[in-house]
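A short worksheet on the structure shown next.
This is a predicted model, so every value here is computed, not measured.
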Amino acid sequence: MRVLIIGSGYVGQPLGAELARRGHEVSGLRRNRATAGELQAAGIKPLFADITQAGELAPLPREFDWVVNCVASGGGGAEDYRRVYVEGMRNLIAWLAPGRGDTGLPRFVYTSSTSVYGQTDGSVVDEKSAVDPAAETARVLLEAETALLAGAREKKFSAMILRVAGIYGPERGHSFKQFLQGEARLEAGGGRILNMIHRDDVIGCVIAALERGRPGEIYNTVDDEPVTQLDFFSWLSAATALPMPAPAAENPAARKRGATSKRVSNRKLKAELGYRFTYPTFRDGYADEIRKRAEGGEKRART
């Protein structure tokens, strides 16, 4: 297949490398031309444009069978999110599917976020659960989902949405990094529920959706075990022999990462896509990360 990865960063670049390894012809779209060498080294053909600027997309090739939009905003507030996720999505649709009835329109997978679920009561949520997030950035992500599904219906191409939980993996994992640096804090007794997924499983789920996903469907992309903040840090403390975090000042809603607390179900993803997780729980994934860090420390000590 001819594959386009939009946002060839933490997820997109290894995703493209894996697809290239499997024999697909992969292109990666980025803004920064200085990254051409690392894309090529991963077996990915570099393309460069800012998706918020429709004119930059127009000259690029658009004959792709599979498209994955896993672009990141790079930080910022709701207006930055809207520019990248909503306006960027509309520009991509107009570029890739310029007219009704075009032949060869791609299968399109968009990596959204479980932050669109605003539940705070610890309830189980699935793809039919209410989406009414309090955070404005999460509302923008929901707007981007709506733009994609509407564009797919109008232009008659296949679109699927993966609502991805908090991603961790090599050099990534916000709570884990804070814990290792002694900066993590327990919020309100540690009862808030975290939902996570290892980067390798995000990649596997994207490929499963490209291969087997049903057009117009949404899939929660999260591992098998939501966990309270207290249980997460307790496990990390035992696994690393580091102390538990201290209690936080009581204002969790002020945190940028929000104060939602829900148990996101991956039942639909596993049933419909048949995906089997490499790291079914945070314990599996973080045990691997802790082992790699220990091995890295031993190697540095020897040198």
Next on the checklist: Set out, in order, the CA-CA distance, both residues' side-chain angles and the distance that settles ring pair (Phe, Tyr, Trp, His ring centres under 6.0 Å) for Trp235 and Phe282, then state yes or no.
Outcome noted: CA-CA 10 Å; Trp235 183 87; Phe282 74 93; 5.7 Å; yes
Checklist entry - Mind checking what makes side-chain contact (heavy atoms from CB on, under 4.5 Å) contact with Arg291, not counting sequence neighbours? => result Asp288, Glu295
Item to check | Shortest non-hydrogen separation from Ile5 to Leu19 and the atoms involved | outcome: CD1-CD1, 4.1 Å
Checklist entry - Has the side chain of Gln229 got a donor or acceptor atom that lies under 3.5 Å from a matching backbone atom of Arg192? => result no
Checklist outcome for this item: Sorted by chain and number, sequence neighbours left out, side-chain hydrogen bond (donor to acceptor under 3.5 Å, both in side chains) with Ser27 holds for none
Next on the checklist: Between Asn220 and Asp126, does the side chain to side chain donor-acceptor pair (under 3.5 Å) criterion hold? Intermediate values first, please.
Outcome noted: CA-CA 7 Å; Asn220 290 338; Asp126 62 18; over 6 Å; no
Item to check | Within 6.0 Å of NZ in Lys45, more than 12 heavy atoms from elsewhere | outcome: no
Checklist entry - In terms of heavy-atom contacts, does CG of Asp132 have more than 12 from other residues, nucleotides or ligands at under 6.0 Å? => result no
Checklist entry - If every non-hydrogen atom of Ile193 is compared with every non-hydrogen atom of Pro226, which pair is closest and at what distance? => result CG2-CB, 3.7 Å
Checklist outcome for this item: In short, Phe64 meets Pro106 closest at the heavy-atom pair O-CB, 3.4 Å
Item to check | Polar side chain donor-acceptor pair, Glu272 to Tyr219, under 3.5 angstrom | outcome: yes
Checklist entry - What pairs meet the side-chain hydrogen bond (donor to acceptor under 3.5 Å, both in side chains) rule with one or both residues in residues 3-17, with sequence neighbours excluded? => result Gln13-Arg30
Checklist entry - Any chance CD of Glu183 has more than 12 other-residue heavy atoms, nucleotides or ligands included, within less than 6.0 Å? => result yes
Item to check | Pairs flagged by salt bridge (Lys or Arg N to Asp or Glu O under 4.0 Å) wherever residues 230-245 is involved - sequence neighbours left out | outcome: none
Checklist outcome for this item: Taken in chain and number order and not counting sequence neighbours, the residues that satisfy side-chain contact (heavy atoms from CB on, under 4.5 Å) with Lys262 are Tyr117, Gln119, Val125, Asn195, Thr260, Val264
Checklist entry - Got more than 12 heavy atoms from elsewhere within 6.0 Å of CZ, Arg31? => result no
In residues 69-78, what donor-acceptor pairs under 3.5 Å come from side-chain atoms, sequence neighbours left out?
unit_1: Asn69; atom_1: OD1; unit_2: Val71; atom_2: N; d: 3.2
unit_1: Ser73; atom_1: OG; unit_2: Gly75; atom_2: N; d: 3.1
unit_1: Ser73; atom_1: OG; unit_2: Gly75; atom_2: O; d: 3.3

Item to check | Salt bridge Glu289-Arg293, side-chain N to carboxylate O under 4.0 Å | outcome: no
